[in-house]
Amino acid sequence: ANLRQQVIAKLTSKLAIGESKHDDKIKGVDKTKKIYSWGSFKTYQKQCLSFVKWLEQSHPEIKSINKAKPYIAEYLNHQLDKGCSAWTINTQAQSINKLYGIKKGDQYFFKCPERRRCDIVRSRYERANDSHYSLKNNSELTEFCRSTGLRRSEVKALQGNEALTRRQLELRSKSENSPKIAKMINDALLLPEKYQYFVYVKSGKGGRTRLAPIIGDKAKEIFAKIKNTPKADKVFPHVHSNADIHSFRSDYATTLYNETARPIESIPYDRINKGTGYSYQSEVYHCRSDQKGIKLDRQAMLYTSKALGHNRIDIVANNYIRT
């Protein structure tokens, strides 16, 4: 088999579609041995095949993927020299690490350059594709995305009736037997009473389910659109390919955070620093790097993170909330 075939075979052998990444993490299963979603598989395959293409051009004598490990650093440094961003290099390195099962501290682990928020350009500035997407002509899709925070794949997959009211969730919480679903419902109910409508995302990134609050003045109309769509039909049969969904998710995240955040000065000093003896606000998140000096409400960040389908508040701070 050629290098390309070897890569595909090796990645395919790691497929674990339908298995729980969260459960495996609790059990201590080696995460480098499994790929839990088709989306991740496609990303890993794309990046690893790019590595193979470079190998074929730079080191044609290499015929076995197992003998290519010593050239990982050379390839990634080549990508850096080409001008690839720290974010791209990190994706490439993680993909190759997945292929070989490389962990931090291993001989062939590549230390990626620091990723800084100020270097992110995606969805921050006007792009060529923006001229092919009319906000006016696609106002319904734009409003929907800014009000729900769904990913492109989630908008495409959303079917009729996949929405619930707060009252329905309250009733469901009293009789739910599944611990996972019960936690998802209770997390949604922690949000302020003003959020009365929720989108049920059946299969988000990594196969995770979540309840995303519908925000904004048109929350009731958006809820009605989902409920009035026949159960087996798509809410949006066509999603414009040039719609900047990530930007709309950022708008959603920023609005939800601002609506739920407490004034920083009102958050209590509830913990004592063992080193200094001074009290501090454990519920305040201190931004780092180029955002140093900015403080955020951890509680509101967690609300926002879960609404977006993440579980880490630093992702929200670094990629979504516009301060």
**OP:** For S305 and H310, indicate whether the former's side chain and the latter's backbone hold a donor-acceptor pair under 3.5 Å.
**Re:** yes
Original post:
side-chain contact (heavy atoms from CB on, under 4.5 Å) with Q107: which residues, sequence neighbours excluded?
Top reply: none
**OP:** Sequence neighbours left out, what passes salt bridge (Lys or Arg N to Asp or Glu O under 4.0 Å) with K183? Give chain and number order.
**Re:** D187
Original post:
Counting only N and O atoms by type, is there a donor-acceptor contact under 3.5 Å from the side chain of R152 to the main-chain atoms of A243?
Top reply: yes
Original post:
Which atom names give the shortest non-hydrogen contact between N273 and G275, and what distance separates them?
Top reply: OD1-N, 2.8 Å
**OP:** Could you pull out the closest heavy-atom pair between K63 and Q6, with the gap in Å?
**Re:** O-NE2, 2.9 Å
**OP:** List for me each residue that meets salt bridge (Lys or Arg N to Asp or Glu O under 4.0 Å) alongside R151, sequence neighbours excluded, and say none if there are none.
**Re:** E154
**OP:** Would you check if F110 and N97 make a side-chain contact, meaning some heavy-atom pair closer than 4.5 Å?
**Re:** no
**OP:** Could you give me the CA-CA distance, side-chain angles and deciding distance for K227 and N161, then say whether side-chain hydrogen bond (donor to acceptor under 3.5 Å, both in side chains) is met?
**Re:** CA-CA 4 Å; K227 296 296 286 186; N161 208 39; 2.8 Å; yes
**OP:** Check for a donor-acceptor pair, side chain of D233 on one end and backbone N or O of T229 on the other, with a separation under 3.5 Å.
**Re:** no
Original post:
Can you check whether L141 reaches V155 side chain to side chain, under 4.5 Å on heavy atoms?
Top reply: yes
**OP:** Would you check if Y100 and D106 make a side-chain contact, meaning some heavy-atom pair closer than 4.5 Å?
**Re:** no
Original post:
Within a strict 4.5 Å, meaning less than it, do heavy atoms of the R167 and E170 side chains meet?
Top reply: yes
Subject >> L158 reachable from W38 in the ILVMFWY side-chain graph, under 4.5 Å edges >> reply: no
Subject >> Residues that S40 engages under side-chain contact (heavy atoms from CB on, under 4.5 Å), provided they are two or more places apart >> reply: I35, S37, Y44
Subject >> Beyond-backbone contact of I96 with Y108, side-chain heavy atoms, under 4.5 angstrom >> reply: no
**OP:** Count the heavy atoms of every other residue, nucleotide or ligand shown that sit under 6.0 Å from CZ of R262, and state whether that count exceeds 12.
**Re:** yes
**OP:** Look at the side-chain heavy atoms of Ile, Leu, Val, Met, Phe, Trp and Tyr, link any pair under 4.5 Å apart, and say whether V284 and Y303 land in one connected group.
**Re:** no
Original post:
Would the F236 and F144 ring centres measure less than 6.0 Å apart?
Top reply: yes
Original post:
Nearest 0.5 Å, what's the OG-CG distance between S266 and D297?
Top reply: 7.5 Å
**OP:** Look only at the side chain of Q281 and the backbone of I267, and say whether a donor-acceptor pair between them is shorter than 3.5 Å.
**Re:** yes
Subject >> Pairwise side-chain contact, Y197 with I226, heavy-atom cut-off 4.5 Å (strictly under) >> reply: no
Original post:
Considering residues, nucleotides and ligands other than R4, do more than 12 of their heavy atoms fall under 6.0 Å from its CZ?
Top reply: no
Subject >> Under 3.5 Å: donor-acceptor pair, side chain of E143, backbone of G216 >> reply: no
Original post:
Which value, rounded to the nearest 0.5 Å, describes the distance between L211 atom CG and I181 atom CD1?
Top reply: 9.5 Å
Subject >> Flag, side chain of K33 to backbone of G101, donor-acceptor distance under 3.5 Å >> reply: no
**OP:** Please say whether more than 12 non-hydrogen atoms of neighbouring residues, nucleotides or ligands are located less than 6.0 Å from OH in Y269.
**Re:** no
Original post:
Has H78 got more than 12 heavy atoms of other residues, nucleotides or ligands less than 6.0 Å from its NE2?
Top reply: yes
**OP:** Taking D270 for its side chain and S282 for its backbone only, find out whether a donor-acceptor pair lies under 3.5 Å.
**Re:** yes
Original post:
Hey, is NZ on K225 packed in by over 12 heavy atoms from elsewhere, all under 6.0 Å?
Top reply: yes
Original post:
Rounded to the nearest 0.5 Å, how far apart are NE2 of H238 and CG of N138?
Top reply: 7.5 Å
Original post:
What closest approach, in Å, do D314 and Y285 show between heavy atoms, and which atom pair accounts for it?
Top reply: CB-OH, 3.7 Å
**OP:** With sequence neighbours left out, write down each residue that passes salt bridge (Lys or Arg N to Asp or Glu O under 4.0 Å) with D23, or none if nothing qualifies.
**Re:** K180
Original post:
Which heavy atom of K10 sits nearest a heavy atom of N66, and at what distance?
Top reply: NZ-OD1, 3.1 Å
Original post:
When rounded to the nearest 0.5 angstrom, what distance separates CD1 in I215 from OG1 in T255?
Top reply: 4.5 Å
**OP:** May I ask you to decide if the ring planes of W54 and F51 are parallel, tilted or perpendicular, using 30° and 60° as cut-offs?
**Re:** parallel
**OP:** Verify, without hydrogens or angle tests, whether S50 (side chain) and K46 (backbone) share a donor-acceptor contact under 3.5 angstrom.
**Re:** yes
Subject >> hydrophobic_cluster_shared for L171 and M184, side chain cutoff 4.5 Å >> reply: no
Subject >> Contact check, side chains of F109 and K103, non-hydrogen atoms, under 4.5 Å >> reply: no
Subject >> Steps toward side-chain contact (heavy atoms from CB on, under 4.5 Å) verdict (I102, I72) >> reply: CA-CA 11 Å; I102 296 171; I72 294 172; 3.6 Å; yes
Subject >> Presence of salt bridge, K53 and E56, under 4.0 angstrom >> reply: no
Subject >> Cluster link L256 to I264, ILVMFWY, side chain under 4.5 Å >> reply: no
**OP:** Rounded to the nearest 0.5 Å, what's the gap from CG on L296 to NE2 on H286? Could you check?
**Re:** 10.0 Å
Original post:
Is there a side-chain hydrogen bond (donor to acceptor under 3.5 Å, both in side chains) between D24 and Y36 once you walk through the steps?
Top reply: CA-CA 11 Å; D24 279 352; Y36 298 89; 2.7 Å; yes
**OP:** Side-chain contact test, heavy atoms from C-beta onward, threshold under 4.5 Å: evaluate it for Q94 versus Q47 and give yes or no.
**Re:** no
Subject >> NZ (K205) with more than 12 external heavy atoms under 6.0 Å >> reply: no
**OP:** Identify, with sequence neighbours excluded, every residue that meets salt bridge (Lys or Arg N to Asp or Glu O under 4.0 Å) alongside R249.
**Re:** none
**OP:** Answer yes or no: is there a donor N or O on one side and an acceptor on the other, between the side chain of Y320 and the main chain of Y252, under 3.5 Å?
**Re:** no
Subject >> Heavy atoms from other residues, nucleotides or ligands near NZ of K295 exceed 12 (cutoff 6.0 Å) >> reply: no
Subject >> Exam field: side chain H240 to backbone N242, donor-acceptor pair closer than 3.5 Å >> reply: yes
**OP:** Report the distance from atom NZ of K220 to atom CD1 of I214, rounding to the nearest 0.5 Å.
**Re:** 12.5 Å
Subject >> Whether over 12 other heavy atoms sit under 6.0 Å from D30 CG >> reply: yes
